[in-house]
Amino acid sequence: AQSVTQLDSQVPVFEEAPVELRCNYSSSVSVYLFWYVQYPNQGLQLLLKYLSGSTLVKGINGFEAEFNKSQTSFHLRKPSVHISDTAEYFCAVSPLGYALNFGKGTSLLVTP
Amino acid sequence: KAGVTQTPRYLIKTRGQQVTLSCSPISGHRSVSWYQQTPGQGLQFLFEYFSETQRNKGNFPGRFSGRQFSNSRSEMNVSTLELGDSALYLCASSPGAGTEYGYTFGSGTRLTVV
């Protein structure tokens, strides 16, 4: 079985500051890793994914994530956030294409 | 290009009733997956359909069922509704089977059971 832990339920940050949203996972098999974002009253939007290869993955809207196999982590980063980045962020793992197993989410609140 | 369309957006049902939710995937996408989102349990996988066949199923009781039509549109049905079924039901489509393609999610159907 797989599990996903998003270490922070809420992350407040000032506009133009850097941010890191942390995600750890456990799995007995190889997994694909994802970050999704959910804006209020909307569905989820794919930010980025790691399937294989380079451990640094670049996504949309300036986000990137780094896969660390030894620490079983997949932290999401952005060097400078905007007000419009305020949303709920979900980390998810998928054992080789099977269904997504989501974390509980991290609420990112960007203030001026 | 039209996104994933879920209808209706909101539903209010009474305990014991049944409900059918609809999902139209992005044109050309052949895979549809359903997820339930609640404040307590978060996002949980219900089922995945590909080319009209159920490919995977999550850990939900048999009251939850689904199907996919030849045009890739999908429906999910919940019978004998319980208060705990109140949730946002999200549909996601992708070009092929499996999560590696990345899902495109609809805005969801918010079901309230009273």
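Protein chains get the first letters and strands the later ones, always in sequence-line order, with residue 1 at the start of each.
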Cluster check A:V81, A:L48: I/L/V/M/F/W/Y, side chain < 4.5 angstrom: yes
Path from A:F63 to A:Y39 over hydrophobic side-chain contacts below 4.5 Å: yes
For B:T99, the option from A:V31, A:V93, A:L100, A:N101 that meets side-chain contact (heavy atoms from CB on, under 4.5 Å): A:L100
Closest heavy-atom pair and its distance - B:Y103, A:L46: O-CB, 4.2 Å
Atom pair CD/CG of A:Q38 and B:L88 - distance to nearest 0.5 Å: 7.0 Å
A:I83 atom CD1, over 12 foreign heavy atoms within 6.0 Å: yes
Check: B:Y35 ring centre within less than 6.0 Å of A:F102 ring centre: yes
Single-linkage hydrophobic cluster, 4.5 Å side-chain cutoff, A:L44 and B:F45 together: yes
A:N41 CG: over 12 foreign heavy atoms closer than 6.0 Å: no
B:R63, CZ: over 12 other non-hydrogen atoms inside 6.0 angstrom: yes
Structural part of B:Q37 lying under 4.5 Å from a heavy atom of chain A: side chain
Within 6.0 angstrom of B:R110 CZ, more than 12 heavy atoms from elsewhere: no
Engaged part of A:L51 at the chain B interface, taking heavy atoms whose separation is under 4.5 Å: side chain
Same apolar cluster: A:F90 and A:L33, side chain cutoff 4.5 Å: no
Contacting moiety of B:Y101, where chain A heavy atoms sit under 4.5 Å: backbone
Chain A contact via B:L90 - side chain, backbone, both or neither, heavy atoms under 4.5 Å: side chain
Partner chain B: residue of A:K49, A:Q45, A:Q42 with the largest heavy-atom pair count (under 4.5 Å): A:K49
Exam field: side chain A:K104 to backbone B:Q41, donor-acceptor pair closer than 3.5 Å: yes
Region of A:F34 that comes under 4.5 Å of a non-hydrogen atom in chain B: side chain
